[in-house]
Amino acid sequence: MSIPSNFGFGEEEQTLRDAARKFLAEQLPTDRLHRLVAGHQAGSPRWDPALWEQMAALGWTGVGVPERCGGVGMPFVAAVALAEEAGRAALPSPLIGTLQSSALLAACGNAEADAVLTQIASGKAVAPGITGPRGGWRGQDCALEVQGGCLSGTAHWVQDAAKADVFLLKARGSAGTGLYAVQADAPGLSLQPDAIVDLSRDQARLSLASVPAVELAAPGTADSVIAAAEPALFTLVSADLCGAAEWLLQTTVEYARVRQQFDRQIGFFQAVKHPLVDVMIAIDSARSHLYNAASAVDHDPAVSLRAAHMAKSAAAEAARFGASRAVQFHGGIGFTWECYVQVYFKRQLHNEALYGDAAWHRARLAEMLLGPVGA
Amino acid sequence: MSDSARKDSPEQSAFREHCRSWIAANLPPPSPVRLPQSALEIMTREQLDYLCAWQKAAYDAGLVGCDYPVDCGGGGRTDCQRVANEEMQRSAAPYFPNIIGLGMAAPTVFYHGSDALKRQVLPALLSGEEIWCQGFSEPGAGSDLASVQTFAERRGDRWVINGHKVWTSLAHFASWMILLARTDKSSKYDGLSYFVVPIRAALGKGVTVRPLIKMTGETGFNEVIFEDLEIDDALRLDEVGKGWTVAMTTLAHERGAGILVTPQSGGSRRGDGDAGLVSALVELARQSWRNGQCAADDPVIRDRLAQLLVREEGFRLNLKRARVAGLTDHPMRLMLQYKLLMSEVAQEAGRLGMDIAGNAGSLYVSDPAAPQAGRWPLAYMNSFGFTIAAGTSEVQRNILGERVLGLAKTK
């Protein structure tokens, strides 16, 4: 199998992407986004559930869900295109987690997983909770236990938990870790929100006391399911990073074209111009890696993990550099709460760390190139 | 089936088969003399003869100049040079020696020369029988290229040229030079005109070529001095005063952003031969000791190798993405990065090779113990040729900032 020359972005995928971009630009312009997430209204939800319902009605949640489960059945590149637009809009929503959940459920490949996929296709939000207290998503880093079909313990670092209808949780049994579906309103489940830097999403710890769960992957098989979904998990976060990075670049370039100092547009000065070019170069490399990794998931699974490691490391580096230059080149106003840049800056900080930062992904690539240290 | 083959037209598909079978049967034996890292450092007649024989053979087989009209010495095909390039780069083919002719002079003459001039000069250029060089830079005109002072004075149907060109690669073998000269001292950009000059025929008769030695110890570039050289007006490209416009055609092709696909052989120079630099460095890291430790176990070396992999593959994927209209925001955004990325990736690779080798990184090409024949210190030093020539990296960043991002112009 090999990756097509257009990375699998055919007419339908591009139409979907363009429609999503237009929809989000109309429904969530940046001033509205800022009021929503940074508006200081105590107790107000920092997202728009009505907007989410519209997105679900457009079929976004089920974009990659197979048709037999009621989904749209488009290739993974379509999900990646949506995730990139979500990043460009700094969209507060459970979309990324739901798309990631689709990949995990597809890797489970059984009737129980299909039932959850059907829920996704009907517009339900599903949040993965597979990362352990120490930040790993494989092996024994897990603070949940399964006994008699019920889960007890704590799930950590769950993204957009307050927006989710269903959680996919990793739990440890006597035969190893398995994967389970839990309804968000199940008795015995409570949610402790983390106070996070990022304003455009929420994160929580879940406490579970003997909560009934549906087994999606038997004890001892969670790692292989997660491993199969890893390229998709990494690539979706990379897409969000790339979309947000491009917004920050374009917004900063626009500012450098209007802001005048020393009687000139500040973009005239090479101390501003050249770093902005370097940000563009970093984003372009990251985007080329992104589409390659997305297409590898569809067309060449054998190389998809390597491609996804490259995509996440490139996207995280581009994001770090671009976000810092965006604040710096906006000057004093860039340091304020009222400037829209801060919303994206914080989203990028959060995205960088999700599912491995750039250095972690490069360490995996180095192992692929050179073997483990001491080999 | 490769993904490039997937979209071939019937003509391209048949041509690809021809290229593949011809290359398989006609790849030349290894050079009897050590070859430099690129055509720009060709020093000796033996090196040149070996490479010219390869270019001539590839030309005779129809792999060079495929898309030029037949009466210009071309193959008269449509969008087939790309196919020939892909097939030559897939094989371990040597590079072509007439790199400035093929990459810069030919497209410029094709777009701006008279029909008679095209028929006169292009066939021997494409076959490699006549080598070309570029007369742009001067002692006082580097990044500010439009300030060139070499002057062409009109006398009827003739022009008399006086001036001094520098960093002129291949001038010591060249039959022809593309020349940017001033024809009007009262206007900077509109006072320039563009000529092709038969310098070899004029050696000692108005043209002097002197070799310059590079920091690597290699020759390959020169200074060229014009003293009252007379040429015919038929050798002018485009109108008098349009030299800057013509030069932009040359520079766009030099930087990989031109309209014509120019003949390219030898995969490594374009950086898109299967992660070529990284795999050579991985091999080096496995064999190298530095600071008392195997380089492959050094965490900083490991991270830099992974970084280089991501950059090199990203560059290769950019070239692929540039051909997908729906995945590029601005038509020139990716192609205008080509020269900057290629040269800076090569620079980091050369530097990393030296660092991986540790103490052995001190050994140069003439030391038999030098790792990989001294490739890395040579590559590192040569890489500055690429980050400086054809518009420095700083000029490239100006171009990208101004043309793609729309930032205020430096000049």
Side-chain angles (χ1 to χ4, degrees), chain A residues 2-7 9-11 13-14 17-18 246 249-250 253-254 256-257 264-270 272-278 280-282 284-289 291-292 306-307 309-311 313-314 317 358-359 361-375, chain B residues 1-7 275 278-279 281-282 285-286 294-299 301-307 309-311 313-330 333-334 337 340-341 344 393-394 396-402 404-410:
Chain A
S2 74
I3 295 170
S5 57
N6 68 352
F7 299 100
F9 279 83
E11 211 168 298
E13 288 75 19
Q14 290 183 30
R17 189 229 12 228
D18 295 346
E246 185 71 31
L249 171 66
Q250 295 305 334
V253 163
E254 189 51 42
R257 291 167 64 174
R264 291 173 182 281
Q265 299 167 21
I266 60 169
F268 165 86
F269 298 103
Q270 291 172 346
V272 173
K273 182 182 289 174
H274 289 189
L276 285 174
V277 167
D278 287 334
M280 174 178 76
I281 287 171
D284 276 324
S285 176
R287 284 178 60 191
S288 295
H289 278 300
Y291 304 138
N292 183 58
R306 180 176 180 273
H309 282 313
M310 292 197 288
S313 66
E317 289 291 1
H361 285 279
R362 286 200 301 269
R364 303 290 77 73
L365 289 168
E367 283 167 4
M368 290 176 171
L369 288 173
L370 295 158
V373 172
Chain B
M1 190 164 68
S2 74
D3 61 77
S4 47
R6 195 181 299 265
K7 280 177 62 186
V278 172
S279 43
L281 288 167
V282 163
R286 291 211 172 100
C294 178
D297 291 339
D298 183 313
I301 295 293
R302 292 172 73 87
D303 192 63
R304 284 176 64 193
L305 268 169
Q307 280 185 45
L309 173 73
V310 173
R311 283 176 74 182
E313 289 264 309
F315 171 62
R316 189 180 62 77
L317 291 167
N318 276 352
L319 300 180
K320 181 172 170 177
R321 177 157 71 93
R323 297 206 289 266
V324 188
L327 295 180
T328 52
D329 302 337
H330 179 290
R333 178 163 159 172
L334 290 171
Q337 296 175 31
L340 182 64
L341 295 184
E344 294 195 342
S393 296
E394 292 68 34
Q396 301 299 327
R397 286 186 168 83
N398 284 346
I399 291 170
L400 284 160
E402 291 157 18
V404 178
L405 297 180
L407 299 171
K409 276 179 77 68
T410 298

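Chain identifiers are assigned alphabetically (A, B, ...) following the order of the sequence lines, protein sequences preceding nucleic acid strands; residue numbering begins at 1 within each chain.
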Chemist: Select one option (side chain, backbone, both, neither) describing which atoms of A/L249 are under 4.5 Å from chain B's heavy atoms.
Modeler: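 It is the side chain, since no backbone atom gets that close.
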Chemist: Given a strict heavy-atom distance threshold of 4.5 Å, which part of A/E254 is in contact with chain B: side chain, backbone, both, or neither?
Modeler: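 Looking at A/E254, nothing touches chain B.
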Chemist: Under a 4.5 Å cutoff for heavy-atom pairs, which residue among B/A325, B/P299, B/A296, B/G314 has the most contacts with chain A?
Modeler: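 Highest number of heavy-atom pairs under 4.5 Å: B/G314.
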Chemist: Tell me, with the steps shown, if B/L317 and A/M310 meet side chain to side chain contact (heavy atoms under 4.5 Å, CB included).
Modeler: CA-CA 12 Å; B/L317 291 167; A/M310 292 197 288; 5.5 Å; no
Chemist: Examine whether an atom of A/D18 lies under 4.5 Å from a heavy atom of chain B, and if so say whether it belongs to the side chain, the backbone or both; otherwise answer neither.
Modeler: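 It is neither, since no heavy atom gets under 4.5 Å.
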Chemist: Under a 4.5 Å cut-off applied to non-hydrogen side-chain atoms, are B/Q337 and A/V277 in contact?
Modeler: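 No; the side chains remain at least 4.5 Å from each other.
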Chemist: Go through the atoms of B/A285 and report whether side chain, backbone, both or neither lie under 4.5 Å from a heavy atom of chain A.
Modeler: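 Contact with chain A is through the side chain of B/A285 alone.
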Chemist: So which atom in B/A306 and which in A/A366 form the shortest heavy-atom distance, rounded to 0.1 Å?
Modeler: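 B/A306 and A/A366 have their closest heavy atoms at CB-N, 4.3 Å.
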Chemist: How many angstroms lie between CZ in A/F268 and OG1 in B/T410, if you round to the nearest 0.5 Å?
Modeler: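 If I round to the nearest 0.5 Å, the distance is 5.5 Å.
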Chemist: For B/N398, is it the side chain, the backbone, both or neither that has a heavy atom under 4.5 Å from a heavy atom of chain A?
Modeler: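 Answer is both: backbone and side chain atoms of B/N398 are under 4.5 Å from chain A.
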Chemist: State, to 0.1 Å, how close A/A314 and B/V310 come at their nearest heavy-atom pair, and which atoms those are.
Modeler: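 Shortest heavy-atom contact: CB-CG1, 3.8 Å.
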Chemist: Do the side chain of B/R397 and the main chain of A/Q270 share a donor and acceptor less than 3.5 angstrom apart?
Modeler: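 Such a contact is absent between B/R397 side chain and A/Q270 backbone.
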Chemist: State whether A/K273 and B/E402 are salt-bridged, where the test is any N-O pair (Lys NZ or Arg NE/NH1/NH2 against Asp/Glu carboxylate O) under 4.0 Å.
Modeler: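 Looking at B/E402 together with A/K273, the answer is yes, because their closest N to O distance falls below 4.0 Å.
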Chemist: Which bit of B/L341 is near chain A, if near means a heavy-atom gap under 4.5 Å: side chain, backbone, both or neither?
Modeler: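 Only the side chain of B/L341 comes within 4.5 Å of chain A.
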Chemist: Look at A/E13, A/R264, A/H289, A/R364 and state which one has the largest set of heavy-atom pairs under 4.5 Å with chain B.
Modeler: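 Among A/E13, A/R264, A/H289, A/R364, the one with the most close pairs to chain B is A/H289.
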Chemist: I'd like to check the salt bridge (Lys or Arg N to Asp or Glu O under 4.0 Å) partners of A/E246; sequence neighbours left out, ordered by chain and number.
Modeler: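 In terms of salt bridge (Lys or Arg N to Asp or Glu O under 4.0 Å), with neighbours along the sequence ignored, A/E246 is linked to A/R287, B/R333.
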Chemist: As an exercise: rank A/R17, A/Q250, A/M280, A/Q14 by heavy-atom pairs under 4.5 Å with chain B and give me the winner.
Modeler: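 Looking at each of A/R17, A/Q250, A/M280, A/Q14 in turn, A/M280 comes out on top.
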Chemist: Do A/R306 and B/E313 come within less than 4.5 Å of each other through their side chains, counting heavy atoms only?
Modeler: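 Contact flag for A/R306/B/E313 side chains = yes.
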Chemist: With a 3.5 Å cut-off and sequence neighbours excluded, list the donor-acceptor pairs that the side chains of residues 368-375 of chain A form with protein atoms.
Modeler:
none

Chemist: What residue in B/L340, B/V282, B/D297, B/D298 has the most heavy-atom pairs under 4.5 Å with chain A?
Modeler: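 Option with the top pair count is B/D297.
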Chemist: Would you say the side chain of B/E344 lies within less than 4.5 Å of the side chain of A/I281, judging by non-hydrogen atoms?
Modeler: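 No, every pair of side-chain atoms sits at 4.5 Å or beyond.
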Chemist: If you take all heavy atoms of B/R321 and A/Y291, which pair is closest and at what distance?
Modeler: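 In this case the closest contact between B/R321 and A/Y291 is CD-CD1, 3.4 Å.
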Chemist: Could you state the interatomic distance from CG (B/L327) to CG (A/D284), rounded to the nearest 0.5 Å?
Modeler: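 Separation between the atoms: 11.5 Å.
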Chemist: Quick one: what part of A/N292 sits under 4.5 Å from any heavy atom of chain B, side chain, backbone, both or neither?
Modeler: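 Contact with chain B: side chain only.
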Chemist: Using non-hydrogen atoms and a 4.5 Å limit, figure out which bit of B/Q396 sits close to chain A: side chain, backbone, both or neither.
Modeler: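 No part of it gets close to chain A.
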Chemist: Can you find a heavy atom in the side chain of A/E367 that is under 4.5 Å from one in the side chain of B/R302?
Modeler: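 Counting from C-beta outward, A/E367 and B/R302 do come under 4.5 Å.
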Chemist: Name the option with the most non-hydrogen atom pairs under 4.5 Å to chain B; the candidates are A/S313, A/A256, A/G267.
Modeler: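 The answer is A/G267.
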Chemist: Quick check for you: to the nearest 0.5 Å, what is the distance between B/R316 atom CZ and A/S288 atom OG?
Modeler: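 Between atom CZ of B/R316 and atom OG of A/S288 there are 10.0 Å.
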Chemist: Taking all non-hydrogen atoms of both residues, which atom of B/L405 and which atom of A/R257 are closest, and how far apart?
Modeler: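 So the minimum-distance heavy-atom pair works out to O-NH1, 3.6 Å.
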